[in-house]
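Letters go in sequence order (proteins before strands), and every chain restarts at 1. Quick caveat: nothing in here was measured; it's all calculated off a predicted structure.
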Amino acid sequence: DTAVSQTPKYLVTQMGNDKSIKCEQNLGHDTMYWYKQDSKKFLKIMFSYNNKELIINETVPNRFSPKSPDKAHLNLHINSLELGDSAVYFCASSPSGRTYNEQFFGPGTRLTVL
Amino acid sequence: QKEVEQDPGPLSVPEGAIVSLNCTYSNSAFQYFMWYRQYSRKGPELLMYTYSSGNKEDGRFTAQVDKSSKYISLFIRDSQPSDSATYLCAMSRISSGSARQLTFGSGTQLTVLP
């Protein structure tokens, strides 16, 4: 019954590799997000999609490419991984039509680049 | 200077204490204010939200917003060991779009000692 799920939970890889993280939500939400949380717990938005359309694209290296095959899925592909990409990546989703923004977060993917 | 500043702690209190967590912000366009709780190795979950200035109470939790001072607080009464977590403040502007971009504080790590 997981609302927002991410795979994998842990990802350890070498510098220069390409990797993907998958996210799925079963809440029926229209909007999905990717966040990066660094070692100091600072959570920063990377991307947001609404109904498969990119609507927020923060200053993120173009090695990061989000893909939304449908409104329940938002995947993150990272090319040429660097040491500084090590962080926890969170997927989130939110419903449309509300005045405030309640975002539901997944459990996170802990990425370690060696 | 970050748009949202939050004392990272760590903060340790005895069980039953009143806890006060605070954030300051610099952008007067922020209108929605939220507190998220994040347990270790988990995703953030929404605790409280408020719109504009004022207080909001939910059980042992009270959220307070002072827009004139650009200062928000979360009070936890009768704190319990299960409240031990990182508390993140978050805020967003009014937007007609479908995605509300959240700006997070860096989080305060709280430990409630039994």
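- Within the 4.5 angstrom heavy-atom criterion, only side-chain atoms of A:Y10, from C-beta onward, approach chain B.
- Interface with chain A: from residues 103-114 of chain B, residues B:F104, B:G105, B:S106 qualify, criterion being any non-hydrogen pair under 4.5 Å.
- Neither the backbone nor the side chain of A:Q6 comes within contact range of chain B, judged by heavy atoms closer than 4.5 Å.
- Scanning residues 58-89 of chain B against chain A with a 4.5 Å non-hydrogen threshold yields B:T86, B:L88, sorted by number.
- In the hydrophobic cluster analysis, where Ile, Leu, Val, Met, Phe, Trp and Tyr join through side-chain heavy atoms closer than 4.5 angstrom, A:L54 is grouped together with A:V60.
- Residues A:E102 and B:M34 fail the side-chain proximity criterion, which asks for heavy atoms closer than 4.5 Å.
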N/O donor-acceptor pairs under 3.5 Å from side chains in residues 14-22 of chain A, not counting sequence neighbours:
| unit_1 | atom_1 | unit_2 | atom_2 | d |
| --- | --- | --- | --- | --- |
| A:N17 | ND2 | A:T13 | OG1 | 2.9 |
| A:D18 | OD1 | A:S80 | N | 2.8 |
| A:S20 | OG | A:H77 | ND1 | 2.6 |

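- Heavy-atom distances place the backbone of A:K40, and not its side chain, under 4.5 Å from chain B.
- Here the side chain of B:Y36 pairs a donor or acceptor atom with the backbone of A:Q103 at under 3.5 angstrom.
- With A:F42 as the aromatic partner, B:K2 meets the cation-pi criteria of under 6.0 angstrom to the ring centre and within 45 degrees of the ring axis.
- Contact of the B:L102 side chain with the A:Y35 side chain is registered, since non-hydrogen atoms from C-beta on lie closer than 4.5 Å.
- Listed by chain and residue number, A:A3, A:V4, A:Q25, A:H29, A:S93, A:F104 satisfy the side chain to side chain contact (heavy atoms under 4.5 Å, CB included) test with A:L27 (two or more places apart in sequence, or in another chain).
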